[in-house]
Each structure stands twice: as C-alpha cells, then as structure tokens.
Amino acid sequence: MRQRGRVDLDLVERAAGQPRGDAARVTLHRAQEHGEQRDRQQRGHDRGPDQGSQHAGSAGARHARRDCSTRAPRTSTVPVAPAWRARRRFATILPPMDHDEQPRDDLYRIRHSLAHVLAQAVLQLRPGSTLGFGPPIDDGFYYDFILSAPLSEEDFPELEKRMKHIIKQGQAFERDELPAAEALRRIEGMNEPYKRQYAEELIQKRGLASLSFYKNGSFLDMCEGPHVENTRKIPEGCFKLRSIAGAYWRGDSRNAMMTRIYAWAYASKEELEAKVKAYHEALARDHKKLGRELEIFVIDEDIGKGLPLWLPNGTVLRDELEKLAKELEFKAGYVRVATPHLTKADLYYKTGHLPYYASHMYPVMELREQVDGESVVKESYYLKPMNCPHHHRIFASRKRSYRELPLRLAEYGQVYRFEDGGALSGLLRVRGMCMNDAHIYCTEEQAHAEFLAVMELHRQCYEILGLSDYYMRFSTWDPTDPKGKEKYIDDPEGWERAQSIVRDAMERSGVRFVEGKGEAAFYGPKIDVQFRTVTGREETASTNQLDFGVGRRLGLTYVGSDNKEHTPYIIHRAPLGTHERFIAFLIEHYAGAFPTWLAPVQVRVITVADRFDEYGSKLVASLRERFVRAELDTSTDTLNKKVRNAVTEKIPNVLVVGEREQQDGTVTLRRYGEPRQETMAFAAFEARLHAAIATRSRGLPA
RNA sequence: GCUGGCGUAGCUCAACGGUAGAGCACCUGAUUUGUAAUCAGGCGGUUGCGGGUUCGAAUCCCAUCGCCAGCUCCA
C-alpha cells in the first residue's frame with residue numbers, strides 16, 4: 001500500500017515523471033508568452049509524495065541530494081552554455097495542457113459531448129451506475145463510473161452501437177445554469193454522490209456562485225461544457241472505444257476505485273483512423289518488444305520484479321553511454337568517484353530518509369550477534385536508494401576550501417528503490433537502476449554558471465543522441481502550500497534566491513520550459529526533462545536540481561576567503577537519467593536501429609560463399625583490432641537469409657564480400673535503411689567508420 | 001498497492017470439457033548461393049505454480065506468482 005507519509009528527502013520527490021498527485025500549477029513560458037497550465041498529465045499513479053520512484057530523472061533528482069565530499073579540481077574550465085542559445089532543438093513536444101487553458105474548440109466540444117454520449121450508453125447498459133469525471137483528453141475522452149455491474153472490452157461493440165444510435169437521434173444539448181443552492185438541490189435529486197462532492201467543492205472552495213448542467217436526451221450531467229448543439233454535429237465514425245481500466249476517484253488511492261472507459265476521438269473518421277493506425281505502428285517501437293527481439297535485456301522472474309538482466313547487446317549500450325558521459329563530464333571538469341551499494345541505516349536517519357522513505361527502500365539487512373543468549377542487532381544496512389548521501393560523505397571527508405569549488409563528483413551509481421509492483425514497467429520503471437549521477441558543490445556566486453553549464457551538458461548529450469521530442473519543466477516552491485513547512489525547507493528567501501538562479505539560467509539559455517508551481521524538490525527548485533513513450537505515457541528522462549537546503553541540514557561546509565565556514569549550494573543532476581529508463585527511451589527513439597557508435601554489432605560481414613570466409617575474417621580482425629564490434633556470419637544460411645538476418649537485427653553496417661571484393665581488396669557496404677549499396681576499398685570504409693564512431697554521428701560520413 | 005485483462009515450446013500464436021499443434025528459432029544432413037526467409041529430417045511443453053469440480057481440465061472454480069493497461073488530461 002502506499003503510504004502517504006511525507007518525507008522530506010529528495011527521495012520524496014517524485015521522481016521524474018511522476019505524476020504528481022497534487023494539482024500543481026504550471027506556467028508555460030514560450031518566448032514571451034506565459035500560459036497557465038497544469039501539469040497533471042502524468043498518468044502514472046501519483047507517486048507523489050509517497051513514492052519516490054523512478055529512476056532516471058527522477059532518480060537523479062530525487063536522490064541526489066545529500067551530502068558528499070571530495071575534491072575536484074577547481075577548474076574553471078566549465079563551459080558556460082554558449083551554443084545553447086542559438087539552437088532550437090529543445091522542447092518540441094507540447095507540454096500537457098491545463099484544463100483552464102484548453103481551447104474550447106470544435107474538437108473539444110465533440111470529445112466532451114461524446115463523453116456524455118458514452119455515459120448515456122453506459123447508463124442504458126448498466127442502470128444505476130454512478131458518474132465520476134468525463135473530460136476530453138489529448139487523444140479523445142474518458143468517463144469514470146462506479147458500475148452497477150462490471151463491463152469489459154467485450155461490451156465495447158454494444159456500447160459503440162448504442163452511442164451511434166444516440167448520435168443519430170439528434171439529441172440537443174441544453175444548458176442550464178443554476179445558482180449554487182438550487183444547483184445543489186438538483187444534484188441531490190440526481191443521486192450522484194461524486195458529482196455532489198465536487199459541486200460542493202466548486203462552490204465552497206472555489207467560490208462559484210452557480211453551476212451549469214447539460215442535458216441531452218435522457219442524460220443529465222453537471223458540466224461546465226461547452227458542448228456541440230446537437231449530437232448530429234458529431235462526425236460519423238470519429239470515435240472508437242479504446243480501453244477500460246480502474247482509476248481512483250480524484251486519483252487518490254484512499255478513494256473509491258472507479259471504472260474508466262477511454263476512447264479515441266478526432267474531428268473526422270479519416271483522422272481517427274490515421275491516429276489509431278499510427279498508435280499501433282508506434283507499438284512496434286515499444287522498448288519491451290524490441291528489448292526482447294534485439295536481446296537487450298530480460299526481466300527474469302527468478303531474479304525479481306523490476307530487476308533487469310542486461311544481455312550482452314544491452315550492456316554495449318550501457319558502456320557506450322557511460323563512455324559518452326565520462327568524456328563530456330571530464331571535459332566539464334567533473335571528477336569520478338565510486339561508492340558502495342550498501343549503507344548503514346544510521347546515515348539514512350541523519351539524512352531524514354528513514355523512517356519516511358522506508359516503504360520505498362528494500363527492507364533492512366541486519367547483522368545479529370548473541371548477547372547473553374539473545375540475538376541482538378549489531379548493525380543494520382540498507383541498499384542505497386540514491387547516491388547523494390554517499391557523495392555528501394565524500395565532500396565531508398575532509399575540510400574543504402572555497403578554492404576547490406566547484407567540486408563536481410560524478411558516478412554512474414547503482415541504486416535500488418522498492419517501487420509499487422503495479423508501477424513497474426519494462427525498463428521504464430524498475431527497482432534496480434544505474435544513474436548518471438553527479439553532485440556539484442559550489443558557492444552561491446558560482447551556482448548560476450554551474451547550472452548553466454549543467455544545462456549545456458544536457459544540450460550536448462541530447463544533440464548527440466538526436467533527441468528533440470521533450471519539454472522541460474521548471475518546478476518551483478509554492479509558498480501557499482499548506483504542507484509547505486513540513487514538506488519543504490522553510491526558508492522563503494533561500495527559495496527565492498535559488499529559483500531566481502535557475503530561472504535566470506533557463507532564460508539565458510533560451511530553452512523553452514513550463515513552470516510547475518509546488519513541484520519543487522523539498523530542498524530546492526529543479527528542471528526536469530519530460531518525454532513521452534510510444535504508448536503516450538509521460539516520463540522524466542533527466543533532472544537537475546539546485547539544492548540550497550541539504551548542505552545546511554547535514555552540516556556540509558567549506559571555508560571561504562573570509563576564513564569563515566559557509567554552506568555550499570549543491571546541484572544534483574543526471575542528464576542521462578538512469579541506464580534503465582534512458583535506454584528504454586533510446587530504443588523507442590531509434591526504433592532499435594542504433595547509430596553505429598551505439599550499435600551492439602557495428603559491422604556484420606557476410607560472404608557470398610564460405611570460400612571467402614578467410615577474406616571476411618581478415619576484415620573482421622582488422623576492425624576488431626581497433627575496437628570495432630565486427631563479426632563474420634559463418635552460418636550455412638543462404639546469402640539472402642544472411643542479409644535478412646542482418647536487417648532484422650538492425651545492424652547499421654553490413655559488408656558483403658565475394659570474389660570481386662576479395663580480388664580488389666574492397667567491400668560492398670549495405671547500410672541499414674538505405675536502399676543503395678556501395679562498393680569501396682576496405683581502407684576507405686574503415687576510415688569512414690572510425691570517423692562516424694569518433695564523432696558519434698548518425699550516418700556514415702563520406 | 002488497487003481495478004481489469006492475460007499467462008500454451010526460446011519467440012509469435014492455434015486448440016476453448018474429450019489423445020497439446022503450427023510457423024520461426026535451435027540441432028543434423030544436403031545445398032555454396034551476389035543482397036530480406038534453400039530443402040529434408042529432428043529436438044523441444046507435467047499448458048506459470050498449487051488446490052478444487054468432473055468419468056475426463058490448457059479449457060470451469062479458488063488461491064498464488066508473473067505480465068500488460070489504467071489509477072485527476074478534474075463539473
């Protein structure tokens with residue numbers, strides 16, 4: 001069960017991507033416009049306060065916060081986001097739309113009206129059911145019910161038939177606006193307890209003086225509209241019931257479980273069909289499917305839920321990403337550290353994780369000994385759910401001077417979080433994950449440049465990977481949050497300063513972002529990078545947080561030029577998130593066809609007949625000599641079959657060699673996805689290949 | 001965690017109260033092939049696990065494990 005205790009640790013933070021349970025407000029900053037938006041969107045469960053889940057970004061984010069230590073070269077070589085301003089690659093997917101922001105256009109009306117039509121059909125089929133919410137959503141609409149008898153997808157044809165019938169009847173949507181008291185009386189008569197509860201909230205908490213109702217045919221609903229004037233305005237064949245699932249009333253597991261029916265709906269039959277088709281095609285990129293087919297990872301029941309086994313192909317991806325991170329971080333002045341997977345329980349009491357975060361950690365390991373015939377606990381250990389406390393201890397390993405700041409400690413650290421079983425999903429949400437983690441300890445004066453440098457590091461990573469389908473979310477502190485003082489560091493001035501540092505850095509970088517008020521980490525504001533999976537779920541890939549509170553809490557200090565002790569700012573960041581989530585993301589991004597530098601098998605040599613295998617072996621040996629992942633296909637398959645296999649495995653470079661090539665010392669290159677093949681000297685191919693790998697380019701430069 | 005659906009060979013699936021099958025993969029043999037599946041044979045499942053109903057269970061029931069989807073995109 002989920003507990004709702006609040007921890008104030010970073011962990012607590014919802015991990016990235018997590019949906020936050022509270023209604024947070026988000027402001028969209030696009031160039032100059034500001035729009036109000038809310039980020040609900042997440043479809044994950046609310047992992048809000050309680051759950052810290054997630055890795056990747058989230059993880060990064062959340063975890064990170066704790067203390068550490070070590071010294072880094074006090075270089076001043078940090079590149080300060082220069083290039084960033086000019087590029088426009090960020091944020092090409094649209095952030096979630098706020099309820100109050102959605103355009104009430106025709107499509108909105110159609111979807112909203114269809115939700116009422118669905119409800120009417122459901123009430124016909126299951127009289128006595130009660131209603132929850134039924135809003136339009138990004139790709140259609142849904143409606144929540146407490147059904148008088150269960151429905152399943154098998155009932156969809158019947159429901160759709162009834163819906164079509166209702167539409168054909170040409171029911172008019174009639175709006176009725178009643179003063180609060182009268183509205184409540186009417187709702188009372190409707191026998192809709194959830195609607196009533198919400199109506200009371202609207203009147204009492206939001207101060208609405210009146211409520212509106214819409215009636216079409218036999219169906220009456222409290223609803224703000226707008227709707228189409230008549231069901232005939234709903235285009236024929238523009239919707240399709242999609243799925244049925246449970247959903248808690250108001251997304252809160254303490255509330256009743258309702259049944260939610262989702263449907264797709266678009267402005268025309270053609271558009272609907274195109275979208276549904278695109279959706280099904282997108283499923284072919286699902287990382288769970290490709291992960292199995294391309295032998296990247298498996299999740300073995302005998303090992304445990306959420307604990308992936310990385311197969312050789314997947315391990316190549318991890319190694320290459322780590323190599324990339326090490327190179328970029330080295331250039332950005334980071335130093336690497338390594339810390340153990342286990343930690344004494346005491347540390348987590350100091351950081352504040354225990355006992356609040358305990359439900360998201362694997363149970364304690366206790367070393368016992370016999371004392372007077374009784375078994376007593378001598379020492380207790382936990383698997384670490386984040387790397388920050390370890391890094392903070394490294395920072396604290398000796399006295400620190402301002403002269404060695406900023407100190408940037410980096411580690412691809414393995415952490416374990418006990419996520420809810422129902423939340424686990426392939427590599428996207430796991431219980432064991434390896435984070436591209438780092439903590440930067442710096443002075444307040446350095447924080448701005450360091451944060452910019454972190455954003456620049458993000459830009460570099462994303463540019464190399466060709467990622468552009470994401471948006472950034474700036475999560476800030478909400479001074480009016482009723483739980484503020486227990487949840488967040490109580491230091492309004494500190495928040496203001498930290499937020500202005502981040503906001504300014506973001507604005508200077510020119511990156512588009514949305515603002516989520518009330519979504520900050522407990523110790524500071526953060527920037528999360530949000531993306532969507534092929535199935536449309538939003539997740540956090542990367543996270544960056546400016547922590548002004550934990551250093552103080554843990555007594556981390558450095559000696560300043562004034563010979564006094566000061567508390568460092570700490571930036572927690574994870575541009576590549578966790579291997580688990582990030583690779584899931586990359587598999588879907590590339591549809592399994594990785595660029596040469598990342599590909600598990602970079603070159604497959606196929607001979608026309610086995611008498612050319614010796615020549616093929618020489619090619620492979622030459623390539624492997626310089627660390628190219630090349631291999632010779634020695635199977636007895638036909639040439640056609642070998643080519644087919646290489647294509648199926650999405651190998652980026654296939655070399656076909658036979659009599660001609662052997663004689664001329666050439667190779668015939670067949671690039672994945674390119675119909676044209678090309679014969680060239682082997683030396684020329686090698687040079688191009690090495691160039692492609694060295695520059696991590698997507699193609700093979702000429 | 002909760003709601004619902006689903007677990008048949010390594011993979012994708014069929015059999016839906018009456019002897020558990022196919023394709024691919026794998027193994028063996030033949031084939032030595034110039035760009036997306038050569039031919040033949042073979043191996044492979046106590047139908048996730050455990051109970052129950054039944055003359056008989058992969059099919060029905062219960063429990064359990066696992067997987068998938070959903071769990072505010074608020075009237």
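Throughout, a chain's letter reflects where its sequence line sits, starting with A, and its residues are numbered from 1.
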Got a donor-acceptor contact below 3.5 angstrom from the A:Glu661 side chain to the A:Gly658 backbone? yes
Looking at B:rC2, which nucleotide sits across from it as a Watson-Crick or G-U wobble partner, both distances under 3.5 angstrom, or is there none? B:rG70
OP1 or OP2 of B:rU33 less than 4.0 angstrom from a side-chain nitrogen or oxygen of A:Arg611, does that happen here? yes
Under a 3.5 Å limit on both distances, the Watson-Crick or wobble mate of B:rA20 is none
Under 4.0 Å: is that the gap between some side-chain N or O of A:Ser425 and OP1 or OP2 of B:rA69? yes
Does B:rA37 pair with anything, Watson-Crick or G-U wobble, both distances under 3.5 Å, and if so, with which nucleotide? none
I want to verify a distance call: between B:rC74, B:rA69, B:rU32, whose nearest atom is closest to the A:Tyr198 side chain? B:rC74
Between A:Tyr143 and A:Phe145, ring centroids under 6.0 Å: yes
Protein-nucleotide distance (A:Ile303, atom CD1; B:rC67, atom P), rounded to Å: 13 Å
Can you tell which of B:rU31, B:rA36, B:rG1 lies closest to the side chain of A:Val647? B:rA36
pair_partner(B:rC49), Watson-Crick or wobble, both distances < 3.5 Å, evaluates to none
Just by modelled atom types, is the A:Leu131 backbone N or O under 3.5 Å from a matching donor or acceptor in the A:Glu192 side chain? yes
For A:Asp139, the option from A:Arg111, A:Arg242, A:Arg532 that meets salt bridge (charged side-chain N to carboxylate O under 4.0 Å, His left out): A:Arg242
Atom-to-atom span, CD1 of A:Ile244 to C1' of B:rC2 - whole angstrom: 16 Å
Looking only at the side chain of A:Arg206 (C-beta and beyond, no hydrogens), which of the listed nucleotides B:rG70, B:rA36, B:rC74 gets closest? B:rC74
Between atom CG in A:Asn640 and atom P in B:rU33, what is the gap in whole Å? 13 Å
CZ of A:Phe612 versus C1' of B:rG34: gap in Å, rounded? 9 Å
Which whole-number value in Å describes the distance from A:Phe133 CZ to B:rC74 P? 9 Å
Return no unless some side-chain N or O of A:Tyr262 is found under 4.0 Å from OP1 or OP2 of B:rC71. yes
Should A:Thr638 be listed as having a side-chain N or O under 4.0 Å from OP1 or OP2 of B:rU38? yes
Sticking with atom P, work out how far B:rC16 lies from B:rC74, rounded to a whole angstrom. 46 Å
Considering only side-chain heavy atoms of A:Lys288, which listed nucleotide, B:rU32, B:rA69, B:rG34, is closest? B:rA69
State which of B:rC67, B:rU33, B:rG1 makes the closest approach to the side chain of A:Lys305. B:rC67
Would you indicate whether the side-chain heavy atoms of A:Leu700 and A:Leu669 approach each other to under 4.5 Å? yes
